[in-house]
Amino acid sequence: LVCIILSSALIYFLYKKLIVAEVVIEEYKTPFEIAVNSLKSLDEQNISNQLDVKQYYTQMTDIIKLYFEKDIEISAFESTTNQLIDKLSLLKKSKKLKISQETIDNFTSVLSNADLVKFAKYNPDKKLVIDDKKLLESVLVETKKAIPNDIEKNLRKESKGKEKLNLLKIVDVKSFL
């Protein structure tokens, strides 16, 4: 009798926890949308001293590097500034990325300033920091435009496939109980 009561309580608990629980599926956001939103969230930060400026530049460059890793599929975090610029230039030359030289030059400028801030304790004025952020936003937009559509379509297919797989796992758990 005790076993029946305990097993009933266990089944009831599992039923409430696994089956009745709401399934929340987050809206898929492209790497571009994530990067744009992340850059916008930087506006809320106060950059009053050298440490704040260093963090700000680190976050700015990390956002664009993450975007490059996700959307262009290049190893941006493991690359130095020169290596990253070389990779973008090679993609441009091979016509895998239809990016302008001006965009590459703007990106080089921002990365150079970021390196100075992070490693040489350079403390730029607030106007330069804001200008670099605007340049980085334009680099982001121009890079997005430069990506051939077939790469973007493949990324969307992969993400939809993952969503379907997650839904199948949920259905499989329900059928198990």
Side-chain angles (χ1 to χ4, degrees), residues 22 24-94 96-149 151-163 166:
E22 279 187 42
V24 177
I25 299 175
E26 288 186 27
E27 179 184 335
Y28 173 74
K29 292 187 178 180
T30 64
F32 178 75
E33 292 169 330
I34 294 169
V36 168
N37 291 340
S38 298
L39 283 174
K40 283 182 183 175
S41 71
L42 285 179
D43 291 337
E44 299 166 6
Q45 288 188 5
N46 182 19
I47 46 174
S48 59
N49 60 35
Q50 167 62 27
L51 184 60
D52 294 336
V53 173
K54 183 177 179 177
Q55 280 184 315
Y56 192 85
Y57 269 96
T58 300
Q59 290 173 340
M60 266 196 325
T61 55
D62 284 353
I63 290 166
I64 195 82
K65 286 179 179 182
L66 182 62
Y67 170 72
F68 284 160
E69 289 209 356
K70 298 284 184 183
D71 237 6
I72 304 176
E73 299 178 350
I74 60 174
S75 56
F77 281 108
E78 293 81 24
S79 304
T80 64
T81 295
N82 290 335
Q83 290 171 335
L84 184 54
I85 297 303
D86 288 344
K87 288 176 185 180
L88 289 175
S89 296
L90 284 172
L91 286 172
K92 178 185 185 244
K93 285 180 186 174
S94 67
K96 291 183 180 178
L97 189 63
K98 299 172 185 170
I99 194 168
S100 71
Q101 187 59 44
E102 180 185 1
T103 302
I104 293 174
D105 292 342
N106 288 342
F107 188 50
T108 304
S109 171
V110 174
L111 288 180
S112 296
N113 288 340
D115 286 347
L116 288 172
V117 168
K118 291 190 280 186
F119 304 116
K121 296 185 180 182
Y122 173 59
N123 196 6
D125 62 350
K126 196 166 185 168
K127 183 184 180 328
L128 180 63
V129 175
I130 292 169
D131 289 345
D132 279 348
K133 182 179 175 283
K134 288 179 183 175
L135 274 177
L136 205 58
E137 288 171 341
S138 72
V139 167
L140 183 66
V141 170
E142 292 304 315
T143 305
K144 174 67 176 163
K145 291 177 186 176
I147 297 173
N149 286 338
I151 293 174
E152 195 172 276
K153 288 177 187 173
N154 288 339
L155 287 171
R156 284 195 181 143
K157 283 181 187 176
E158 286 177 20
S159 69
K160 286 182 182 178
K162 288 178 185 176
E163 286 176 8
N166 287 337

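Residues: numbered from 1 along the sequence shown. Keep in mind that the numbers below use all heavy atoms, side chains included, and drop hydrogens, waters and symmetry copies.
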Show me the donor-acceptor pairs within less than 3.5 Å that the side chains of residues 115-122 make with the rest of the protein, sequence neighbours left out.
| unit_1 | atom_1 | unit_2 | atom_2 | d |
| --- | --- | --- | --- | --- |
| Asp115 | OD1 | Thr81 | OG1 | 3.4 |
| Asp115 | OD2 | Thr81 | OG1 | 2.5 |

State the [atom1]-[atom2] distance between [X] and [Y], to the nearest 0.5 angstrom.
X	Y	atom1	atom2	answer
Gln59	Leu39	CD	CG	10.5 Å
Phe68	Ile147	CZ	CD1	8.5 Å
Glu73	Lys96	CD	NZ	11.0 Å
Ile104	Ile99	CD1	CD1	5.0 Å
Phe107	Thr61	CZ	OG1	8.0 Å
Leu91	Lys87	CG	NZ	9.5 Å

Task: Residues Lys65 and Ser79: side-chain donor-acceptor under 3.5 angstrom - done: no
Going by the rule side-chain contact (heavy atoms from CB on, under 4.5 Å), which residues pair with [X] if we only count those two or more places apart in sequence or in a different chain?
X	value
Lys93	none
Asp131	Lys127
Gln55	Asp52
Thr80	Asn82, Gln83

TODO: Please identify each residue that fulfils ring pair (Phe, Tyr, Trp, His ring centres under 6.0 Å) with Tyr67, with sequence neighbours left out.
DONE: none
Listed partners of [X] passing side chain to side chain donor-acceptor pair (under 3.5 Å), at least two apart:
X	answer
Asp105	Gln101
Thr103	Ser100
Asn113	Asp132
Lys126	none

- [ ] Please name all residues satisfying salt bridge (charged side-chain N to carboxylate O under 4.0 Å, His left out) with Lys98, sequence neighbours left out, ordered by chain then number.
- [x] none
Task: Pairing of Lys145 and Glu142 as salt bridge, 4.0 angstrom limit - done: yes
Task: Sequence neighbours excluded, every pair satisfying side chain to side chain donor-acceptor pair (under 3.5 Å) that has a member inside residues 34-44 - done: Asp43-Lys133
